[in-house]
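Below you'll find the structure, written out as structure tokens, and then a few comments.
Computed from a predicted model, the values in this text were never measured in an experiment. Residue numbers start from 1 in every chain, and the chains themselves are labelled A, B, ... in the order their sequence lines are given, proteins ahead of strands.
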There are 2 protein chains.
Amino acid sequence: MKSLTKRQSEILTFISEVISNEGMPPTRKEIALKFGFKSANSAEEHLKALDKKGYIDLQGGTSRGISINKSFLGIPIVGSVAAGSPLLAVENVEERIEFNGNIFSDSVDYFLRVKGDSMNEVGIVEGDLIAINKRKDVKPGDIVVARINDDVTVKTLFHLDKRKVILRPENKNYKDIEINPSIESFDIEGKCLGVLRNYN
Amino acid sequence: MKSLTKRQSEILTFISEVISNEGMPPTRKEIALKFGFKSANSAEEHLKALDKKGYIDLQGGTSRGISINKSFLGIPIVGSVAAGSPLLAVENVEERIEFNGNIFSDSVDYFLRVKGDSMNEVGIVEGDLIAINKRKDVKPGDIVVARINDDVTVKTLFHLDKRKVILRPENKNYKDIEINPSIESFDIEGKCLGVLRNYN
DNA sequence: TTTCATACTGTGTATTTATACAGTATAAAT
DNA sequence: ATTTATACTGTATAAATACACAGTATGAAA
């Protein structure tokens, strides 16, 4: 898939926002207004470029006839994470789900498919999708996605300072994980906002 | 809230479908075409009626400027169920959540807020929202919403025939519930399609 | 070096669209 | 009995909108 220029990406984002906020795609004029273009034709040309690259579909002769290509919509589901690769790398994305609405308390950057039973006692079970918001500022009590030496894990954060991190599995059969960030490679990937489970 | 005529209701449904399928609201002409009106003004008048009754908001001077009033959109969340009242009765609906996308395997009629810990061992905990599809034809193994003598409960269906129903809590501390439908009042309200949990 | 993509302004216009006004007809409400 | 809401057709038009064509300028690719 062809990559977008900065401007094209901004415009695609704007279209997506307008659809989400106003319930309908913008007109050329509205795009021009937003970006300060003095001619609606600038918008027209960006739309054509986005269409040509396959990111949107333009319906000719129709007001607001812009639709965003579905394969770029929706929130990615991250399955097995290849060691060392960024969570959202293409090879880790299982699929995407269309998902809008204010269900979770913050914006969902991706869903992570849960493996194992280490969080069973708080109702997070194998196969569940957990909604993740990318952020570093997490506090004890939060359920977090962390990366320890290239290994991605979901646990409750119990303690966090420069010299010591304690991650707590929510299952009696597992022990707390204690990390020294100055020795081991450690990173917070995000905060768990909620759970989505689909039977069958 | 004022009630809608059959025609107005059909038109409201159509608008909602167009938004969902095409990603933008219809024009007056498109509404007229769909219903076989020979004049776009028929659509205009229905829109005005829907606006007046508060079901939609019309944005003047804007193409496709129709937005559906949020309070009629979305899927209802059913909280505490008043004894004897239908699950979806107004007094039982906590709020509604905007929710579209093909997350669950079937269409979600409502979300039910979970009370108690009787399903803890399959990861359904207090406060969770479970997605329910209204149906009677459930089979053993399904997690179902059932009504026993005006009491609404969520359990795994273990056995079901004319003389005996067994509902199984997924928690060692609870015992199976055995019902004789010819003596006790019993009804299947729906099937649990999945779980939605929102932290914080 | 020349082409091509990007990123704009500026002008023009056919078409789409919203929306008013004038009618007709029926059923429900006052 | 008369008004009001519903449910349409038919005509008209101002405004909104898409979109083509003609330019200018820049940087990257062939």
Atom-to-atom span, NZ of A:Lys48 to C1' of C:dT6 - whole angstrom: 14 Å
With the 4.5 Å side-chain cut-off for hydrophobic clustering, are B:Val154 and B:Ile148 part of the same group? no
Protein-nucleotide distance (A:Ile11, atom CD1; C:dT6, atom C1'), rounded to Å: 11 Å
Does A:Asn41 use its side chain to pair, donor to acceptor, with the backbone of A:Glu44 at less than 3.5 Å? no
In whole angstrom, give the distance that lies between atom CG of B:Leu58 and atom P of C:dT17. 16 Å
Return whichever of A:Gln59 or B:Lys6 has its heavy-atom-nearest nucleotide of DNA chain D closer to the 5' end. B:Lys6
Under 4.0 Å between a side-chain N/O of A:Ser63 and OP1 or OP2 of C:dT17, yes or no? yes
Are B:Asp128 and B:Arg197 within salt-bridge range, i.e. N to O under 4.0 Å? yes
Give a yes/no answer on whether the side chain of A:Arg7 brings an N or O atom under 4.0 Å of OP1 or OP2 in C:dT6. no
Length of the CG-C1' vector between B:Leu4 and D:dT6, whole Å: 13 Å
Starting from the 5' end of DNA chain D, give me the residue, B:Thr62 or B:Thr5, whose nearest nucleotide shows up first. B:Thr5
In what stems does DNA chain C take part, counting only runs of at least 3 consecutive Watson-Crick or G-U pairs whose two distances fall under 3.5 Å? C:1-29 with D:2-30
Would you kindly give the NZ-to-P distance between A:Lys52 and C:dC4, to the nearest whole Å? 10 Å
Just do the side chain to side chain contact (heavy atoms under 4.5 Å, CB included) check on A:Lys139 and A:Lys191 with the steps written out, would you? CA-CA 9 Å; A:Lys139 52 184 193 306; A:Lys191 179 185 169 180; 4.3 Å; yes
Please tell me if the side chains of A:Leu12 and A:Ile56 come closer than 4.5 Å, counting only heavy atoms from C-beta onward. yes
Restricting to non-hydrogen atoms, name the atom on A:Ser105 and the atom on B:Tyr199 that form the minimum distance, rounded to 0.1 Å. OG-O, 3.6 Å
Taking everything shown except A:Phe35 itself, do over 12 heavy atoms lie less than 6.0 Å from its CZ? yes
Answer yes or no: are there more than 12 heavy-atom neighbours, outside B:Lys172 itself, under 6.0 Å from its atom NZ? no
DNA chain D-proximal residues of residues 27-47 of chain B, any heavy atom under 4.0 Å: B:Gly36, B:Phe37, B:Lys38, B:Ser39, B:Asn41, B:Ser42, B:Glu45, B:His46
Would you mind reading off the distance between A:Gln8 atom CD and C:dC8 atom P, rounded to a whole angstrom? 10 Å
Among A:Phe14, A:Tyr55, A:Phe37, which residue satisfies the ring pair (Phe, Tyr, Trp, His ring centres under 6.0 Å) criterion with A:His46? A:Phe37
